[in-house]
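Here's the structure we're looking at; comments come further down.
All residue numbers refer to positions in the sequence shown, counting from 1. All values below come from the heavy atoms of this structure, side chains included, with hydrogens, waters and symmetry mates left out. In each ligand, atom 1 is the first atom listed, and ligand 1 is the first ligand listed.
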Amino acid sequence: MAASGSGTPTGHDVIHVAAADHVDALIDEISQRGERVVAVADDLVFVAGAARPAAWARNSWLAPRTITIDSIGDGARALRALQRNWTLHRVAHHRRAQLIADRLPPIRFRALTFPADPPTAPLGGWTLWDRHTLIASPVTTSAFADGTPAFVEDRDNPPNRAYLKLWEALTLARRRPGPGDRCLDLGAAPGGWTWVLAALGATVISVDRAELAPALADRPEVAHRAGDAFAVRAADVGAVDWICSDLIAYPERLLELARYWCAACPRAAVIITVKCQGPVDAALCARFLAIPGARLLHLAHNKHELTFFRLPEGGPPEAACAVDTTD
Ligand SMILES: C[S@@+](CC[C@H](N)C(=O)[O-])C[C@H]1O[C@@H](n2cnc3c(N)ncnc32)[C@H](O)[C@@H]1O
């Protein structure tokens, strides 16, 4: 492990496992919200201060502890004494770590068949820091193997792979549209997200300058409007229960879009992809989080982007939320 030569980190209250290729964005996010990074090793970021989820983390270990072990059996016993279910984060000493993992109670991490809810069993996270040191947390933010949800894919029906992002977002939201719900899908073409919403039985108003895939455009529950999605106002579409956007645009424009729809439809669920350009602007992310009820999370199916949530009942619990500055 990169930092192990300098000793096991101390003084941390939470360890974040960074989303793939986003360690720097995670460190900026943590620093921006006033927490102190005490160590970084590979994609593990050790932080002092209140244990809170972070947008650029795929998992956050909220109750970390360092455990000295004499042997492989000793390591497995120490983990089992804390709880049953564990996910190994592999960074070093792979063979020895696997031998410890093999002695833990088996868990079958199955790909989810959408629609499905996340597993509810508590899942701890651990890594082998050096031959005689485990770092483990029985409390984590993600119920998925190493913080990475996986789905049984549909390779036949959706027009592209963007549907996986919305599957993941709706799974983490722990709610989804259904028959009787009206959804607005902004930046919808060729229609992966519209396909998800229509397949759930909702009606969809899709907006894009481009056309939907013909098989979707012909569906009775889908009404496509060709034009500028940023120009659409609430009065143009009537009452909607869900507002989804996968528009490609500058983050500042998407911030205005999020602010507008959250204010215009206070009871609707809002899910917006926030495309990041170049280095991530942590201050801009904080402005998204300043929207009441907002959450931000990098999904396993996101690239260089975050997903903004504003759900009527709050959540997802895995996602970063605004810092509470009230005493
Ligand atoms: C990433 S793609 C959306 C993919 C879509 N969610 C899917 O599942 O197939 C982004 C879309 O935003 C659309 N777009 C970008 N700016 C737009 C604008 N101002 N008005 C309407 N559509 C726009 C593009 O035409 C493109 O189809």
So for V207, does at least one of its heavy atoms come nearer than 4.0 angstrom to any atom of ligand 1?
no
Side chain or backbone, does A162 bring an N or O within less than 3.5 Å of an N or O on ligand 1?
no
Those atoms of ligand 1 less than 4.0 Å from some heavy atom in F230:
19 (N)
Enumerate the atoms of ligand 1 whose separation from the nearest heavy atom of A229 is less than 4.0 angstrom.
18 (C), 20 (N), 21 (C)
Is the shortest side-chain N to carboxylate O distance from D43 to R58 below 4.0 Å?
yes
Give the single entry among A189, G192, G227 that approaches atom 4 (C) of ligand 1 most closely by any heavy atom.
A189
Distance filter under 4.0 Å to R209 heavy atoms, resulting ligand 1 atoms:
17 (C), 18 (C), 19 (N), 20 (N), 21 (C), 22 (N)
For R131, all residues meeting side-chain hydrogen bond (donor to acceptor under 3.5 Å, both in side chains), sequence neighbours excluded:
none
Test of understanding: given a 4.0 Å heavy-atom threshold, classify the contact between A188 and ligand 1 as side chain, backbone, both, or neither.
backbone
Can a salt bridge be assigned to the pair D236 and R225 using a cut-off of 4.0 Å between side-chain N and carboxylate O?
no
Have a look at P158, G187, S206 and point out the one with the heavy atom closest to atom 3 (C) of ligand 1.
G187
Tell me whether R174 is salt-bridged to E318, with the criterion being a basic N under 4.0 Å from an acidic carboxylate O.
yes
N160, portion touching ligand 1 at heavy-atom distance under 4.0 Å
side chain
Give the residue and atom name of whichever protein heavy atom lies nearest to atom 6 (N) of ligand 1, and the separation in Å to one decimal.
D246 OD2, 2.9 Å
Throw together a table of side-chain donor-acceptor distances under 3.5 angstrom for residues 76-85, partners on residues two or more places apart or in other chains.
| unit_1 | atom_1 | unit_2 | atom_2 | d |
| --- | --- | --- | --- | --- |
| R80 | NH1 | R103 | O | 2.7 |
| Q83 | NE2 | N85 | O | 2.8 |
| R84 | NH2 | P106 | O | 3.3 |

Is R233 atom CZ crowded by more than 12 heavy atoms from other residues, nucleotides or ligands, each under 6.0 Å away?
yes
Going by heavy atoms in the side chains, are Y163 and L197 under 4.5 Å from each other?
no
May I ask you to decide whether R287 forms a salt bridge with E252, counting only side-chain N to carboxylate O separations under 4.0 Å?
no
Quick one: nearest non-hydrogen protein atom to atom 23 (C) of ligand 1, plus distance?
L247 CD2, 3.3 Å
Nearest non-hydrogen contact to atom 19 (N) of ligand 1 from the set V196, D208, D228, L257 belongs to D228
